[in-house]
Structures are given as C-alpha cells and as structure tokens.
Amino acid sequence: MSSENPGDRGSRWSDLDRPPLNATALRDALVRPDTLWTSLDVLDSVGSTNTALVERVRAGEAGEGAVLVAEEQTAGRGRLERGWSAPARSGIFLSVALEPAPPVERWGWLPLLTGVAAAAALARAGGVDMLLKWPNDLLTEIGDEERKIGGILAERAGERMVVVGLGLNVSLREEELPVPQAGSLALAGAPGRDRDPLLRALLRSLETWYGRWRDADGDPAACGLLEAYAAGCCTLGREVRAELPGGESVTGEAVAVDGDGRLVLATQQGLQRPVGAGDIVHLRPARGE
C-alpha cells in the first residue's frame with residue numbers, strides 16, 4: 001500500500017531531490033557573537049528577498065548582518081528590474097543587510113566583492129569553477145558554453161545601509177531553465193549541491209571578503225579584492241558591447257577594472273572609456289582562448 005498522501009500529489013514541496021533548508025542548524029552555525037551575521041530567517045515563499053529585507057531595514061526591524069533566505073521567490077529581481085524565477089527549493093535566494101564603513105564612492109565594489117566571495121565558496125563547497133561576468137553575473141562552463149547560474153543585486157536601504165542579494169541556480173533541470181543561456185550547478189556536474197553547506201560557505205566567504213574590504217577602508221587593491229576580481233573575470237580581454245543607461249552603446253576591448261570597480265574599454269577610436277553601469281554583451285572570446 002502506498003504511504004503517499006493524495007493531497008501531496010503535485011505539491012511544489014513534494015520533490016524529494018529538493019529538501020528544505022534547516023533554518024535552526026543554519027542559525028546555530030552562522031549567527032554567533034563573533035561573526036558578522038546577527039540574524040537569519042528562512043521564508044517558505046516571498047516576492048523578493050531584497051525587497052523584503054529593504055523594507056525591514058527601513059522599518060528599523062533589521063540591521064547590519066541580517067540575512068533573509070527564501071525557499072521560493074515569486075517576484076525575484078535582477079538588474080534593470082529583470083525577473084528572476086525558479087522552482088521552489090531549486091536554488092539559493094538570499095539577501096544580506098550591510099552598513100559599510102568605507103566611503104560611499106567605494107560601495108560600488110560590493111556586487112563585485114560578493115561575486116568574488118561566491119566564486120570562492122562555490123569552488124570549495126560546490127566543486128565547480130566559476131567565472132565572473134562584469135558587473136554581477138556568475139557563470140560556469142556547461143559543455144562548451146558559458147552559462148549564467150547566478151546573479152547579484154545591490155541596492156541602498158536608507159543613508160547608511162545596503163542590501164545585497166544573491167540568486168543561485170542549484171538543481172534546475174534543462175527543461176526548467178528560464179532561458180537557454182541559463183544553467184545550474186546540477187547541469188555543470190557540481191558534486192556539491194546540498195544547499196545547506198553551500199549557503200554556509202557563501203555567507204562565511206562573504207563575511208571574510210567584506211571584512212577585508214572594510215578593514216582596508218574600501219581600498220580594493222590593498223585588500224586583494226581588485227586582483228582577485230580581475231583573476232576571475234571572464235569579461236576582461238574580450239571584445240564587448242556595453243549597453244549604457246539612456247540608450248548609448250560602446251564597443252571595445254575590456255582591458256581592466258579600475259579602482260572604482262568600473263570596466264575600462266579600449267575603443268576603436270583609441271580611447272580608454274570607463275563604464276560604471278550597463279549591460280555587457282560578450283562579442284568574442286578572450287584573446288588566447
């Protein structure tokens with residue numbers, strides 16, 4: 001006789017390959033007096049972890065070190081207000097509240113810092129090499145393609161607070177991908193796909209890099225962030241098109257990331273053009289690939 005509850009058939013919570021996060025164990029491991037993280041909440045479902053945490057910060061209900069995780073996002077957001085959707089428990093959807101001490105002009109490094117921290121954590125805990133696409137995408141190679149498996153979104157939450165969100169596809173199958181260019185740790189063959197240790201590794205790595213950056217007063221060179229980002233950035237060395245706010249586009253070779261976190265393009269006109277915001281389209285592989 002089957003022990004299945006008929007009411008569970010078709011439930012979004014019935015996929016045994018996608019167990020729920022253990023909120024109590026995560027809090028016990030991460031929220032301690034000697035760590036950055038001051039609270040950790042896991043929600044069954046939320047529109048957007050970033051939106052929800054920004055609201056908590058502005059209402060005085062969350063301060064630096066607050067972590068908000070969701071098993072499912074119904075209105076997840078990426079850059080330029082693009083949607084980010086995935087089945088329940090198929091990924092890691094989290095936001096953290098930070099109160100950076102470094103000068104505001106250096107806060108633009110926070111998405112890049114998060115990318116470096118995530119790449120290091122996923123290499124260690126997930127067993128897969130990550131690539132950083134400027135300014136805030138996480139890519140990995142699946143077959144002979146570079147596919148996006150994660151994205152980062154940072155936004156202000158008042159005068160002194162920033163909320164940084166990270167979405168990561170963990171167990172998405174090919175037929176579940178929102179677009180053909182997307183991927184997941186599962187499709188990349190990552191041996192580590194248990195979301196609990198992945199989440200712990202992500203938050204610990206983020207705490208480490210954020211601490212280094214903060215202690216260096218936001219100087220990306222002094223804390224090693226600039227070097228680490230350049231080493232992992234697959235945009236550098238490529239011919240790219242930068243689609244800028246306002247409709248302008250610039251084409252050139254991505255030659256550097258400057259001290260303000262901007263991507264520097266060498267244009268066909270012989271100019272060095274720093275780009276601080278925009279969509280980047282990779283037009284050709286990096287030289288030597």
Under a 3.5 Å distance rule, please check whether [X] uses its side chain to pair with a backbone N or O of [Y] as donor and acceptor.
X	Y	value
R262	V275	no
K133	I280	yes
T51	S48	no
Q73	T49	yes
W37	L203	yes
R156	V162	no
N169	G183	yes

Contact summary for [X] and [Y], nearest pair of heavy atoms:
X	Y	value
W134	A277	CH2-N, 4.0 Å
S184	I149	N-CG2, 3.3 Å
T38	V31	O-CG1, 3.4 Å
V163	A157	CG2-CB, 4.1 Å
P197	A125	O-CB, 4.3 Å
F93	A86	CZ-CB, 3.9 Å

Does [atom1] in [X] sit with more than 12 non-hydrogen atoms of other residues, nucleotides or ligands closer than 6.0 Å?
X	atom1	answer
E61	CD	yes
E159	CD	no
N22	CG	yes

Atom [atom1] in [X], atom [atom2] in [Y]: separation rounded to 0.5 Å?
X	Y	atom1	atom2	answer
K148	Q181	NZ	CD	10.5 Å
I152	L112	CD1	CG	8.0 Å
R147	I142	CZ	CD1	4.5 Å
L153	S95	CG	OG	8.0 Å
W209	L225	CH2	CG	6.0 Å
T35	E207	OG1	CD	5.0 Å

Honestly curious: do V128 and L138 fall in one hydrophobic cluster under the side-chain, below-4.5 Å linking rule?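 Yes, because V128 and L138 connect within a single hydrophobic cluster, where side-chain heavy atoms sit under 4.5 Å apart.
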
Do L139 and L187 share a hydrophobic cluster, counting only Ile, Leu, Val, Met, Phe, Trp and Tyr and linking them when any side-chain heavy atoms are less than 4.5 Å apart?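 L139 does not cluster with L187.
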
Taking [X] first and then [Y], would you say they form a salt bridge - that is, a charged N and a carboxylate O separated by under 4.0 Å?
X	Y	value
E248	R241	no
R56	D41	yes
E176	R173	yes
E71	R195	yes

Classify the side-chain pair R18/S171 by whether it contains a donor and acceptor separated by less than 3.5 Å.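 Result is yes, a qualifying pair exists.
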
If you measure only the distance, is there a donor-acceptor pair under 3.5 Å linking the side chains of Q268 and T251?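 Their side chains do not contain a donor-acceptor pair, so the 3.5 Å distance test is not met.
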
Side chains of V264 and R273 in contact at under 4.5 Å (non-hydrogen atoms):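 No, side chains not in contact.
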
